[in-house]
Amino acid sequence: MNRRFQKKLAAYFTPPPPVGKAAFLARLPQPTLSLGQFVGGQARYIQKQTWLLSLVVLVPVLWGTDLWITAALLPFLVPLAVSEGAKSTLYGMEELETASRFSRKSVLLARLCLIGTFHAVLLLALTLLLGGSQGLSLGRTGAYLLAPYLLTAWGSLWLSRRLRGREVLYGATALAVLASGSYSAAVFLADDLFALGALPWWSLAVALLAAALIGEGIAFAKRIKEDTWNLSFET
């Protein structure tokens, strides 16, 4: 087939420009979904055991145990959140999520924000309960509870940008065990760390860990976007 004939054939079968396309699309129903509805809807996809196991940290308080046992349990909340974040990778659903209505980044961040908010409420409740029962100020109680949790959360986010799949979950669990064990050892071997005079250092540590966690969270969100971009070329 010569080139001239090809051009005539292409010109003959060229579809006309659409007429009234914009008006037609405007008449179609456009489902709206607010940010609150989207984030709230993601709560249904978080496993029930994640919520229930998070509540385990309240058990020692109800049994009347001291602050230190509860604080040593808090790092284990982090692997629960990591397991939700790594769910799509563990079950090989990353490529499918790139074709869904909502981006993988939005879904993952929404679920992690829900779990993080739930953990924040638990930490607040523990601070109020333990601070009042053991005669400690709320500031000291909050610092002693937040430090091991924030350390594990920051370290787990750091690992999540360098490991993949089950390795992230194993790394976060190992970090939780290390943080919990180190905290428990410090309680028995280094009483001076928990004296009233050391409170400014605890406050500084909590502030630095919180800032590091926020920074690592921003880097983690960028990593999700890069991973999604790479998957779009692999599919």
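- For the atom pair CG (Leu123) and OG1 (Thr141), the distance works out to 12.0 Å, reported to the nearest 0.5 Å.
- At a threshold of 4.5 Å between non-hydrogen side-chain atoms, the residues Ile115 and Leu77 do not count as touching.
- The OG1 atom of Thr152 lies 8.5 Å from the CG atom of Leu178; values are rounded to the nearest 0.5 Å.
- Across every non-hydrogen atom of Ala176 and Pro75, the tightest pair is CB-O, 3.5 Å.
- Between Leu74 and Leu126, the closest side-chain pair of non-hydrogen atoms falls below 4.5 Å.
- Take Leu55 and apply the side chain to side chain contact (heavy atoms under 4.5 Å, CB included) test, not counting sequence neighbours, and it matches Leu58, Phe118, Leu122.
- Under the side-chain hydrogen bond (donor to acceptor under 3.5 Å, both in side chains) criterion, Thr50 pairs with Glu84, not counting sequence neighbours.
- Taking Leu114 as the reference, Val39, Gln42, Ala43, Ile46, Trp51 meet the side chain to side chain contact (heavy atoms under 4.5 Å, CB included) condition, with sequence neighbours excluded.
- Val177 forms part of a hydrophobic cluster together with Phe76, judged by ILVMFWY side-chain heavy-atom separations under 4.5 Å.
- A ring-ring contact (aromatic ring centres under 6.0 Å, His included) check over residues 153-174, counting only residues at least two apart or in different chains, returns nothing.
- Under a 4.5 Å side-chain heavy-atom cut-off, the cluster of Ile, Leu, Val, Met, Phe, Trp and Tyr residues that includes Tyr45 has no other member.
- The aromatic rings of Trp68 and Tyr183 lie tilted to each other, with the angle between the two planes from 30° to 60°.
- With hydrogens and angles disregarded, a donor-acceptor distance shorter than 3.5 Å links the side chain of Ser160 to the backbone of Leu157.
- The minimum heavy-atom distance between Ser156 and Val82, with the atom names listed, is CB-CG2, 4.0 Å.
- Not counting sequence neighbours, the partners of Ser54 by the side-chain hydrogen bond (donor to acceptor under 3.5 Å, both in side chains) test are His119.
- Tyr144 approaches Pro148 most closely through the heavy-atom pair O-CD, 3.3 Å.
- Remark: side-chain polar atoms of Thr173 are paired, donor with acceptor, to backbone N or O of Leu169 under 3.5 angstrom.
- Looking at Leu73 and Ser180, their side chains never come closer than 4.5 Å, going by heavy atoms from C-beta outward.
- Taken together through direct or relayed side-chain contacts under 4.5 Å among Ile, Leu, Val, Met, Phe, Trp and Tyr, Leu146 and Leu175 form parts of separate hydrophobic clusters.
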For residues 201-217, please give each side-chain donor-acceptor pair under 3.5 Å, one per line with the distance, not counting sequence neighbours.
residue: Trp202; atom: NE1; partner: Leu193; partner atom: O; Å: 2.5
residue: Ser203; atom: OG; partner: Leu199; partner atom: O; Å: 3.1
residue: Glu216; atom: OE2; partner: Arg161; partner atom: NE; Å: 2.4
residue: Glu216; atom: OE2; partner: Arg161; partner atom: NH2; Å: 2.8

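- Taking Leu163 as the reference, Leu159, Glu167, Val168 meet the side chain to side chain contact (heavy atoms under 4.5 Å, CB included) condition, with sequence neighbours excluded.
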